[in-house]
There are 2 protein chains.
Amino acid sequence: MKPVSSMSPVTHGQTIQALAVAARLCVARGVQFTELRRRLLETLWVAHEPLGAYEALRRLEGSWGRTLKPTTVYRALDFLLEQGLAVRIESRNAYVPCAHPDQPHTSVFFVCDQCRVTIEVDDSEVGRLLKCDATALGFDVRRRVLELQGTCAHCLAMR
Amino acid sequence: MKPVSSMSPVTHGQTIQALAVAARLCVARGVQFTELRRRLLETLWVAHEPLGAYEALRRLEGSWGRTLKPTTVYRALDFLLEQGLAVRIESRNAYVPCAHPDQPHTSVFFVCDQCRVTIEVDDSEVGRLLKCDATALGFDVRRRVLELQGTCAHCLAMR
DNA sequence: ATCAGGATGTTATAACATTGCTTTTAGCGT
DNA sequence: ACGCTAAAAGCAATGTTATAACATCCTGAT
Ligand SMILES: [Zn+2]
Ligand SMILES: [Zn+2]
Ligand SMILES: [Zn+2]
Ligand SMILES: [Zn+2]
């Protein structure tokens with residue numbers, strides 16, 4: 001098990017760096033890292049919790065000073081998901097940025113019910129076992145959704 | 001890895017038996033297995049795929065010959081989830097019946113993108129590893145969402 | 001200049017879920 | 001059987017999330 005990113009202590013510097021990495025990656029891939037996409041990804045990084053599409057829309061409108069339609073945000077989110085720059089948390093209908101969009105990994109998300117802090121862990125051993133299960137079933141896996149809901153250490157200590 | 005149930009080859013007999021088990025369990029727990037709840041669970045068993053709440057509503061209306069409101073169905077679904085008689089597939093906003101509502105298990109769901117067949121596998125080793133990860137983080141896990149999307153063996157063979 | 005493809009704008013609607021309140025029903029002691 | 005109580009279900013309205021269908025704009029290649 002290797003913790004690869006936590007939403008909680010995301011510094012300004014990390015956000016800047018993540019945006020730079022994203023920009024570089026998009027250039028390398030020949031896709032456009034437009035202002036909308038960049039600002040949306042920034043919004044996800046700045047938020048210290050998974051954001052719903054409409055919440056991201058509101059924040060984006062607030063920081064950008066213009067109105068947006070849901071479709072616009074969903075399309076930009078789709079782009080970020082396709083490029084691996086963000087991940088959808090299915091059990092929350094929400095989105096978080098990904099810290100390592102360049103290489104594939106077996107992400108397990110720990111999502112706190114109370115403070116919503118979301119910790120991404122890379123557990124390749126779990127990935128291996130699931131791969132075995134899939135092989136045994138003759139199932140071709142396209143996407144993994146591994147999300148654990150509960151209470152984070154910080155919130156546990158609060159009680 | 002131990003496959004514990006598959007949605008695909010669910011026979012009439014299995015449905016009958018599952019309903020009987022559910023009824024027995026509810027009696028033992030002192031909760032009411034009402035006609036609505038029984039019919040809803042039956043609807044989930046008869047369907048060979050995860051059903052959305054509104055789809056379940058439509059089928060229930062069709063087979064029961066009466067109109068229902070979303071609230072009614074959602075409440076009944078909540079009951080089935082609480083009792084472990086059904087499970088929500090987060091990545092589909094849909095629900096499937098659970099074959100072993102009596103004992104806790106580490107369910108991994110393989111969901112086919114094409115035919116939507118949903119296979120539940122119990123992988124206790126994965127459960128153990130995730131528990132380790134959680135412990136390392138000091139995270140108290142309340143619920144696991146383990147869903148793998150892809151193509152089932154049957155659909156792979158079709159191509 | 002024309003064209004093609006990608007990105008975005010616009011409008012409408014589908015799909016999923018909850019809230020608040022009322023009425024009915026089941027279970028229980030009398 | 002009767003009346004009480006709590007659970008269950010009915011009902012209307014609304015909130016939330018997601019997509020479809022079509023129009024426009026921009027940029028770079030021919
Ligand atoms: Zn990641
Ligand atoms: Zn927390
Ligand atoms: Zn199960
Ligand atoms: Zn299939």
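Convention: sequence-line order gives letters A, B, ...; per-chain numbering from 1.
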Taking CD in A:Q17 as the centre, count heavy atoms belonging to other residues, nucleotides or ligands within less than 6.0 Å. Is the count above 12?
no
Pair A:H105-A:E120, side-chain donor/acceptor within less than 3.5 Å
yes
Give the residues of residues 32-39 of chain B touching DNA chain C, defined as any heavy atom closer than 4.0 Å, sorted by residue number.
B:Q32
Testing A:L129, A:L146, A:D123 for side chain to side chain contact (heavy atoms under 4.5 Å, CB included) with B:V126, which one passes?
A:L129
Heavy atoms under 4.0 Å is the rule here; annotate nucleotides 24-30 of chain D 5' to 3' with B where the base is hit, S where only the sugar-phosphate is, and - elsewhere.
-------
Between A:V145 and B:V145, is any pair of side-chain heavy atoms under 4.5 Å apart?
yes
Flag the pair A:E35 and A:R37 as a salt bridge only when some basic side-chain nitrogen lies within less than 4.0 angstrom of an acidic carboxylate oxygen.
no
Note: contacts of residues 67-89 of chain A with DNA chain D (heavy atom, under 4.0 Å) are A:T71, A:Y74, A:R88
Any donor-acceptor pair under 3.5 Å linking the side-chain atoms of A:S91 with those of A:Q149?
yes
Could you pull out every donor-acceptor pair under 3.5 Å between side chains of residues 75-83 of chain B and any protein atom, sequence neighbours left out?
unit_1, atom_1, unit_2, atom_2, d
B:Q83, OE1, B:R29, NH1, 2.9

Check the side chains of A:T15 and A:E42 for a donor-acceptor pair under 3.5 angstrom, ignoring hydrogens and angles.
no
Bounds of contact between DNA chain C and chain A, in 5' to 3' order, using a heavy-atom cut-off under 4.0 Å:
C:dG6 to C:dT11
Mind checking whether A:R144 and A:T106 have side chains closer than 4.5 Å, heavy atoms only?
yes
Mind checking whether A:L41 and A:P97 have side chains closer than 4.5 Å, heavy atoms only?
yes
Non-hydrogen side-chain atoms of B:I89 and B:V96 separated by less than 4.5 Å:
yes
Between B:L40 (CG) and D:dA9 (C1'), how many Å, whole number?
14 Å
Qualifying residues under ring pair (Phe, Tyr, Trp, His ring centres under 6.0 Å), relative to A:F139, sequence neighbours excluded:
B:F110
